[in-house]
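Presented below is the structure to which this report refers.
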Amino acid sequence: MSDAWKIVDLLLSKYSHPKIALIFSNPLELLIATILSARCTDIKVNEVTKNLFKKYKSAKDYAVADIRVFETEIKPTGFYKNKAKMIIECGRMLINDFKGKVPDTMESLTLLPGVGRKTANVVLGGVFNKQVMAVDTHVLRVTNRLGLANSQKPDIVERELVDQVPAGKLTSFNLALILHGRETCKAVKPKCPECILLKQCSWPDKTS
DNA sequence: CTCCCGATAT
DNA sequence: ATATCAGGAG
């Protein structure tokens with residue numbers, strides 16, 4: 001696939017310096033925001049965290065939180081009972097096993113409840129300046145349509161992309177893919193006619 | 001594989 | 001009515 005570099009360049013020229021849509025000001029805030037973002041729009045997460053982060057400023061604040069209160073505070077993000085339980089346990093584990101600080105390795109991050117490979121990669125790329133590919137629903141859909149990936153399994157797709165994309169551009173390409181997935185290569189009614197990758201795309205869109 | 005959860009778009 | 005939304009756990 002020599003198309004990969006071309007696609008990377010085209011997308012990065014459109015989204016020159018892509019940023020994470022989640023609002024945060026430190027590693028802990030990004031970790032919590034990313035856990036909350038599971039199957040939820042970033043807009044709703046930002047609404048919730050705007051108030052949440054005023055109250056919860058350290059791992060200990062989450063560790064000692066009242067679960068009932070916390071559930072209502074994060075309710076709009078959905079799956080709130082699971083997320084509340086996981087985030088509070090996450091705070092406890094950060095205190096007990098990581099001296100209250102968010103770890104900066106994949107192995108440690110994925111030990112935390114509610115943190116899978118995708119969430120860990122968001123944190124690694126977002127605040128620890130690592131070159132990573134966090135495969136979420138957008139990345140999965142867009143790269144499969146483009147022919148850059150051929151799998152519905154996120155960890156397989158992650159490896160396929162890491163193998164094809166220039167190492168130094170992984171994180172920015174990751175964010176550009178998400179923006180492209182949200183604005184153009186949408187799950188429902190994609191805007192193929194206005195897509196800058198139309199020529200490199202192998203996806204036969206007969207619907208629109 | 002199912003479940004967790006509810007708002008929004010079509 | 002149905003699909004989808006920065007997924008992860010059991």
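Protein chains get the first letters and strands the later ones, always in sequence-line order, with residue 1 at the start of each.
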Compare the minimum distances between each of [options] and the side chain of [X], then state the nucleotide with the smallest one.
{"X": "A:Asn82", "options": "C:dA6, B:dC4, C:dC5", "answer": "B:dC4"}
{"X": "A:Met86", "options": "C:dA6, C:dA9, C:dC5", "answer": "C:dA9"}
{"X": "A:Thr119", "options": "B:dA7, C:dA6, C:dG7", "answer": "C:dG7"}
{"X": "A:Lys44", "options": "C:dA6, B:dT8, B:dC5", "answer": "B:dT8"}
{"X": "A:Leu175", "options": "C:dA6, B:dT10, C:dG7", "answer": "C:dA6"}
{"X": "A:Val188", "options": "B:dG6, C:dA6, C:dT4", "answer": "C:dT4"}

Provide the distance between the two [atom1] atoms, one in [N] and one in [M], to the nearest whole Å.
{"N": "B:dC4", "M": "C:dC5", "atom1": "C1'", "value": "14 Å"}
{"N": "C:dA6", "M": "B:dT10", "atom1": "P", "value": "14 Å"}
{"N": "B:dC5", "M": "C:dA3", "atom1": "C1'", "value": "15 Å"}

Any [X] side-chain N or O less than 4.0 Å from OP1/OP2 of [N]:
{"X": "A:Arg141", "N": "C:dC5", "value": "yes"}
{"X": "A:Thr41", "N": "B:dT8", "value": "no"}
{"X": "A:Thr34", "N": "C:dA6", "value": "no"}

Steps toward side-chain hydrogen bond (donor to acceptor under 3.5 Å, both in side chains) verdict (A:Ser108, A:Thr105)
CA-CA 5 Å; A:Ser108 295; A:Thr105 65; 3.2 Å; yes
Euclidean distance, atom [atom1] of residue [X] to atom [atom2] of [N] [Å, nearest integer]:
{"X": "A:Glu158", "N": "C:dG8", "atom1": "CD", "atom2": "P", "value": "11 Å"}
{"X": "A:Lys189", "N": "C:dC5", "atom1": "NZ", "atom2": "P", "value": "16 Å"}
{"X": "A:Asp42", "N": "C:dA6", "atom1": "CG", "atom2": "P", "value": "6 Å"}
{"X": "A:Leu36", "N": "B:dC4", "atom1": "CG", "atom2": "C1'", "value": "14 Å"}
{"X": "A:Asn46", "N": "C:dC5", "atom1": "CG", "atom2": "P", "value": "18 Å"}
{"X": "A:Arg182", "N": "C:dA6", "atom1": "CZ", "atom2": "C1'", "value": "9 Å"}
{"X": "A:Asn121", "N": "C:dG7", "atom1": "CG", "atom2": "C1'", "value": "13 Å"}
{"X": "A:Glu89", "N": "C:dG10", "atom1": "CD", "atom2": "P", "value": "11 Å"}

Would you say A:Glu158 and A:Asn121 are linked by a side-chain donor-acceptor pair, where the criterion is simply a distance under 3.5 Å?
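On atom types as modelled, these side chains qualify, holding a pair under 3.5 Å.
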Counting any heavy atom closer than 4.0 Å, what does [X] reach on the DNA or RNA strands: base, sugar-phosphate only, or nothing?
{"X": "A:Thr137", "answer": "sugar-phosphate"}
{"X": "A:Ile20", "answer": "base"}
{"X": "A:Ala21", "answer": "base"}
{"X": "A:Val115", "answer": "sugar-phosphate"}

For the side-chain contact (heavy atoms from CB on, under 4.5 Å) test, which of A:Leu111, A:Leu94, A:Leu124 pairs with A:Pro103?
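Only one option passes, and that is A:Leu94.
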Which residue lies toward the 5' end of DNA chain C, A:Leu112 or A:Ser37, if each is placed at its nearest nucleotide?
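That would be A:Ser37.
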Most 5' of A:Lys19 and A:Gly114 on DNA chain C, judged by nearest nucleotide
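Looking at DNA chain C, the more 5' nearest nucleotide goes with A:Lys19.
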Does the side chain of [Y] come within less than 4.5 Å of [X]'s, by heavy atoms?
{"X": "A:Leu112", "Y": "A:Leu31", "value": "yes"}
{"X": "A:Phe128", "Y": "A:Val123", "value": "yes"}
{"X": "A:Leu28", "Y": "A:Tyr56", "value": "no"}

Stacked pair A:Phe79-B:dC5, distance under 5.5 Å, angle under 30°
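A:Phe79 vs B:dC5: stacking no.
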Would you call A:Glu29 and A:Lys57 a salt bridge, using N to O less than 4.0 angstrom?
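Salt bridge between A:Glu29 and A:Lys57, a charged N being under 4.0 Å from a carboxylate O: no.
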